[in-house]
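Chain identifiers are assigned alphabetically (A, B, ...) following the order of the sequence lines, protein sequences preceding nucleic acid strands; residue numbering begins at 1 within each chain. The model shown is predicted, which means the values in this text are computed figures rather than measured ones.
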Amino acid sequence: MTTNTVPEKPSLEGLEQKWLASWDDAGTYAFDRTATRADVFSIDTPPPTVSGSLHVGHVFSYTHTDCVARYQRMTGKKVFYPMGWDDNGLPTERRVQNYFGVRCDPSLPYDPNFEPPAEVGKDAIAISRRNFVELCERLTVEDEKVFEELWRRLGISVDWKMTYQTIGARSQAISQRAFLNNLSRNEAYQSEAPTLWDVTFRTAVAQAELEDRERPGAYHRVSFHKPDGEKLFIETTRPELLAACVALVAHPDDERYQPLFGTTVTSPLFGVEVPVVAHTLADPEKGSGIAMICTFGDLTDVIWWRELQLPTRPIIGWDGRIISEVPAWITSELGQNVYSATAGLTAHSAKEKIAELLRESGDLEGEIRPITHPVKFFEKGDKPLEIVTTRQWYIRNGGRDEKLRGELVARGGEITWHPAHMQVRYENWVEGLNGDWLISRQRFFGVPLPVWYAVDNDGHPKWDEVLVPNDSDLPIDPSSDCPPGYTPDQRGVAGGFIGDPDVMDTWATSSLTPQIAGGWSVDDDLWQRVWPFDVRPQAHEIIRTWLFSTVVRAHLESNELPWKHAAISGWILDPDRKKMSKSKGNVVTPIDLLDEHGSDAVRYWAASGRPGTDTAFDVGQMKIGRRLAVKLLNASKFVLGQGTAPASAIAAPIDQALLAALADVVDQATAAFEAFNYTKALEVTESFFWAFCDDHLELVKDRAYGLAGADEAESAKATLAVTLETLLQLFAPFLPFVTEEVWSWWQEGSVHTGGWPKSAALRAHGGDAQALDAVAEVLSQLRKIKSEAKVSMKAGLENATITASQAQIDFIGQAASDLLAAGRVSGDFNFTVAEGQILVTADLTATTE
RNA sequence: GGUCGAUUGGCGCAGUUGGUUAGCGCGCUUCCUUGACAUGGAAGAGGUCACAGGUUCGAGUCCUGUAUCGACCA
């Protein structure tokens, strides 16, 4: 779309709508899938969680990637830049529950006519899993529209014909296929083991989803009883787990307790006999130096339990309450009564009850001592995690395998990290793993684990007899589909089958974004053109989850790295340098931001945030961006208003010098972009642009007007045109709208596909960039004389004398006529040769009035 | 507690392989209004680079320690 006219009064108004429509029509950002891998630049874009709200951080980091994508596209690469939507998992479930006022009850039958109420009622309506999933899908479609609208408006140059959803059929099939491949290679396995468990969501939680929170707790000094009746004190923050106690433990070197190792003691209230054992993890400094091991109070309990081969005595159920049935190991009547008194209580209430009973029996010594200590939470949960023994699926990630861990650490070393120090975070995480990747979740909305289990003749599931689907049937839902060789009426009956009720962890699917976007196993033609990807842009806090899990899957599936580069973006901080948060009410709605400042201006601000660096939200920076865009319009209007001339007309030394300086800028910007340093590329371009406007444009005005002759004018015009063209190209990745607008005034096609400038062509004109500095210095000093005299820049000067080195005088002499005109100096310069700084003196011309 | 990063003019940031007067934007001061631009233009003031020590002919730029801030992990 070329108008070939320069508007009277250029404006930023309406440029976004105009060019978005134009790009859409022309397919400017469409991926050319005839390109071979060498000509492709492929981006493993982060699929935003659509059920989350949009915030400025999205705008920030996606702009970074887009700048790089646009640069690559301009260099001639076919950019594979698809957008994905992450609609998996808990965030969506939660949002659906609140939005429609429903909750999922998998035991209910599907109601094909179900419609959520118009008004959300006070009590959540229970609906079937299938109805629930339908609502999830309905809502995510709406959410995706809002996201797409923002990305388009921001000028993100993705190919909107290539979007994917992490819950879409294709993603499900790929996710299930990858899992089944893991299973067939023994990289996925199931295990009955103590698992971190969120009692609110009633699901297992992976190590990567944990976080420690400081919580108040209290030490209870509780007495156990030696066979001789003597009291042995332990200190615990969890007296409610007394019934789950399987042993007491002290450090092997602890002389206080060495005599007790190998003996047994009896627990208070319950009267259960437990051994006293030794383990190095017991801290003699902590409490009384001897602790009770329960199954399970914390992760240390799990280690003791496993390494000391202790029995399992679980008393906490999946709902976080004390299991109601009195356990078999409690044999005393008193113990059974005590247990019954706490059965069904939450851990919190049970704690109080047990403390009270211990007090009555005289087994609680002294006062309860309040402390603050770190407690493990599910990052999305708000109740402390419990540890429950369950059967779960795992994928090997090196957490229990030295060799695999070493390979994965090595993979991290093969990635080029931006910035480089982010690799350390990866290494620390991988080296600190202490278990495999738990991927099964007891949730509803997600990719189902694609397996069934045979049911024996007594009607019990045979967990080790896993039934898998045919590959051609993927994706499948084991709760409604049948395993090969079975019929639906065999579901749940003796000799039949039962489907795995769980879904996969959201990261189990997200870890396959390159495979999903690139068409692994479903579109081999596309796959071989884009894999492995060039870059994964993402935030640093999910290196341990998304980045690592993607490396794991690619390593296991393809024995390759999923991408060459990892570009890690920083956080957005509010102007007080605090992390922006909703609760503080300082979250700015991105679309309002775009309305107020314009997309180019917001992009300018985003691009000023360097890779991996946290950046303050700064409206001032957006205003500067807007000013830059306006300046670009006006400077372009002026340049084009002079008319253009062929590059062959470039002859004036100062013109050639300008192009030589511009060539340096092109080289610097190119090098910066190649290193993913878009900020640097913008900086050098912007700096040159302002100098160009302030000095060169002023310097050559008179000459361009033709006051120095036709040839001189042609040289000026040709130089201005080449410079403008190059500057538009350099700015195009950052300011796609205004550059495209100006481009359309005088060029064919889109600036975004018209090529990246080449410095060699600019240098071919000869010229010495240093000449520019000398000339600019003289111009500045001429202005200073007027500024200090407090007169207008149009005031005349005479008797101008320049003292400078011979080399500088040579440069200045070549541009003398331009300088005389721009400075309104009458007569000629007098030159004096002297080493050192350039010095200019002149007299103000006496006014005639 | 561990790891990593940061500490440069009032504020926000650049400073690549160590090398003459440490750059930029905002803000500030003074001046200029109407021939690209008042969402403007020109000139100028203002830092010795957190602190202490070390390596070096020479350090903001490398090393050690301390302090403060932040992130990630325990």
Trainee: Please report the distance separating the P of U16(B) from the corresponding atom of A22(B), rounded so that it comes out in whole Å.
Mentor: 15 Å
Trainee: The side chain of Glu541(A) lies closest to which of these nucleotides: C72(B), A36(B), C32(B)?
Mentor: C72(B)
Trainee: Would you kindly check if the NZ (Lys) or CZ (Arg) of Lys701(A) is within the cone defined by 45 degrees around the ring axis of Phe638(A) and under 6.0 Å from the six-membered ring centre?
Mentor: yes
Trainee: On a whole-Å scale, what distance lies between the C1' atoms belonging to C63(B) and C24(B)?
Mentor: 30 Å
Trainee: Check the side chains of Thr550(A) and Arg536(A) for a donor-acceptor pair under 3.5 angstrom, ignoring hydrogens and angles.
Mentor: yes
Trainee: Under a 3.5 Å cutoff on both atom distances, Watson-Crick or G-U, what's the dot-bracket for RNA chain B ([ ] crossing, | other strand)?
Mentor: (((((((..((((.....[...)))).(((((.......))))).....(((((..]....)))))))))))).
Trainee: Between U30(B), A36(B), U34(B), spot the one nearest the side chain of Lys701(A), thanks.
Mentor: A36(B)
Trainee: If I take atom CH2 in residue Trp571(A) and atom C1' in nucleotide C72(B), what distance separates them, rounded to the nearest angstrom?
Mentor: 11 Å
Trainee: Could you measure between the two P atoms, the one in A45(B) and the one in U30(B), and give it in whole Å?
Mentor: 15 Å
Trainee: Contact class for Lys786(A) vs. all strands (heavy atom < 4.0 Å): base, sugar-phosphate, or nothing?
Mentor: nothing
Trainee: Please give the distance between the P atoms of C49(B) and U7(B) as a whole number of Å.
Mentor: 13 Å
Trainee: Check the angle between the aromatic planes of Phe676(A) and His565(A) and answer parallel, tilted or perpendicular using the 30° and 60° thresholds.
Mentor: tilted
Trainee: Report, as yes or no, whether the 6.0 Å neighbourhood of atom CZ on Arg215(A) holds more than 12 heavy atoms from other residues, nucleotides or ligands.
Mentor: yes
Trainee: Residues of residues 624-633 of chain A with any non-hydrogen atom less than 4.0 angstrom from an atom of RNA chain B: list those, numerically ordered, please.
Mentor: Ile624(A), Arg626(A), Arg627(A), Val630(A), Lys631(A)
Trainee: How many Å lie between CD on Gln423(A) and C1' on U3(B), as a whole number?
Mentor: 14 Å
Trainee: Can you check the Ile572(A) CD1 to A71(B) P distance for me, whole Å?
Mentor: 15 Å
Trainee: Quick check for you: among A36(B), G70(B), A42(B), whose closest atom lies nearest to any side-chain atom of Asp614(A)?
Mentor: G70(B)
Trainee: What distance, rounded to whole Å, do you find between the two C1' atoms, one in G18(B) and one in U61(B)?
Mentor: 6 Å
Trainee: Mind checking whether Phe617(A) and Trp605(A) have ring centres under 6.0 Å apart?
Mentor: yes
Trainee: Just how far, in rounded Å, is P of A6(B) from NE2 of His421(A)?
Mentor: 7 Å
Trainee: Give me the distance, rounded to whole Å, that separates G9(B) from C26(B) when you measure between the C1' atoms they each carry.
Mentor: 13 Å
Trainee: In whole angstrom, what separates Leu699(A)'s CG from A42(B)'s P?
Mentor: 14 Å
Trainee: If the C1' atom of C32(B) is compared with that of U68(B), how far apart are they to the nearest Å?
Mentor: 46 Å
Trainee: Measuring to OP1 and OP2 of U34(B), would you say a side-chain N or O of Lys794(A) lies under 4.0 angstrom away?
Mentor: yes
Trainee: A side-chain contact here means heavy atoms from C-beta on lying under 4.5 Å apart; do Leu819(A) and Val775(A) qualify?
Mentor: yes
Trainee: Do the numbers put Arg627(A) on top of the ring of Trp690(A), so that NZ or CZ is under 6.0 Å from the six-membered ring centre and no more than 45° off the axis?
Mentor: yes
Trainee: Choose from C32(B), A43(B), U21(B) the nucleotide whose nearest atom is closest to any side-chain atom of Gln837(A).
Mentor: U21(B)
Trainee: Looking only at side-chain N and O atoms, does Arg544(A) come under 4.0 Å of OP1 or OP2 in C73(B)?
Mentor: yes
Trainee: Classify the side-chain pair His279(A)/His251(A) by whether it contains a donor and acceptor separated by less than 3.5 Å.
Mentor: no
Trainee: Using atom P in both nucleotides, what's the gap between G65(B) and G2(B) to the nearest angstrom?
Mentor: 12 Å
Trainee: Can you list, in residue-number order, the parts of residues 673-686 of chain A that come under 4.0 Å of RNA chain B, counting heavy atoms only?
Mentor: Glu683(A)
Trainee: From the options A43(B), A71(B), U33(B), select the nucleotide whose nearest atom is closest to the side chain of His540(A).
Mentor: A71(B)
Trainee: Which comes earlier along RNA chain B counting from the 5' end, the contact point of Glu698(A) or that of Glu788(A), where each point is its nearest nucleotide?
Mentor: Glu698(A)
Trainee: Is Trp605(A) touching bases, backbone alone, or none of the nucleic acid, heavy atoms closer than 4.0 Å?
Mentor: nothing
Trainee: When you check the phosphate oxygens OP1 and OP2 of A36(B), does a side-chain N or O of Tyr705(A) lie under 4.0 Å from one of them?
Mentor: yes
Trainee: To the nearest Å, give me how far apart CG (Leu697(A)) and P (G35(B)) are.
Mentor: 15 Å
Trainee: With heavy atoms under 4.0 Å as the rule, sort Tyr604(A) into base, sugar-phosphate or nothing.
Mentor: nothing
Trainee: Does the side chain of Trp546(A) pick up a donor-acceptor pair with the side chain of Gln538(A) at under 3.5 Å?
Mentor: no
Trainee: More than 12 foreign heavy atoms under 6.0 Å from CD of Gln770(A): is that the case here?
Mentor: no
Trainee: Nearest-Å distance, CD1 (Ile568(A)) to P (A71(B))?
Mentor: 17 Å
Trainee: What's the closest nucleotide to the side chain of Trp690(A) if the choices are G41(B), A74(B), C37(B)?
Mentor: G41(B)
Trainee: Just checking Ser687(A): base, sugar-phosphate only, or nothing, at a heavy-atom cut-off of under 4.0 Å?
Mentor: nothing
Trainee: Compute the centroid of each ring, for Tyr426(A) and then for Trp417(A), and state whether the two points are separated by less than 6.0 Å.
Mentor: yes
Trainee: Regarding Glu686(A) and Tyr604(A), do their side chains bring together a donor and an acceptor under 3.5 Å, going by distance alone?
Mentor: yes
Trainee: Which whole-number value in Å describes the distance from Glu427(A) CD to C72(B) P?
Mentor: 19 Å
Trainee: Among C73(B), G5(B), A71(B), find the nucleotide with the atom closest to the side chain of Arg425(A).
Mentor: A71(B)
Trainee: Return whichever of Ser636(A) or Ser780(A) has its heavy-atom-nearest nucleotide of RNA chain B closer to the 5' end.
Mentor: Ser636(A)
Trainee: Taking atom CD of Glu674(A) as the centre, report whether more than 12 heavy atoms of other residues, nucleotides or ligands fall under 6.0 Å from it.
Mentor: yes
Trainee: Looking at Phe689(A) versus Phe731(A), is the centre-to-centre ring distance below 6.0 Å?
Mentor: yes
Trainee: Regarding Thr726(A) and Gln729(A), is there a side-chain donor-to-acceptor distance under 3.5 Å anywhere?
Mentor: no
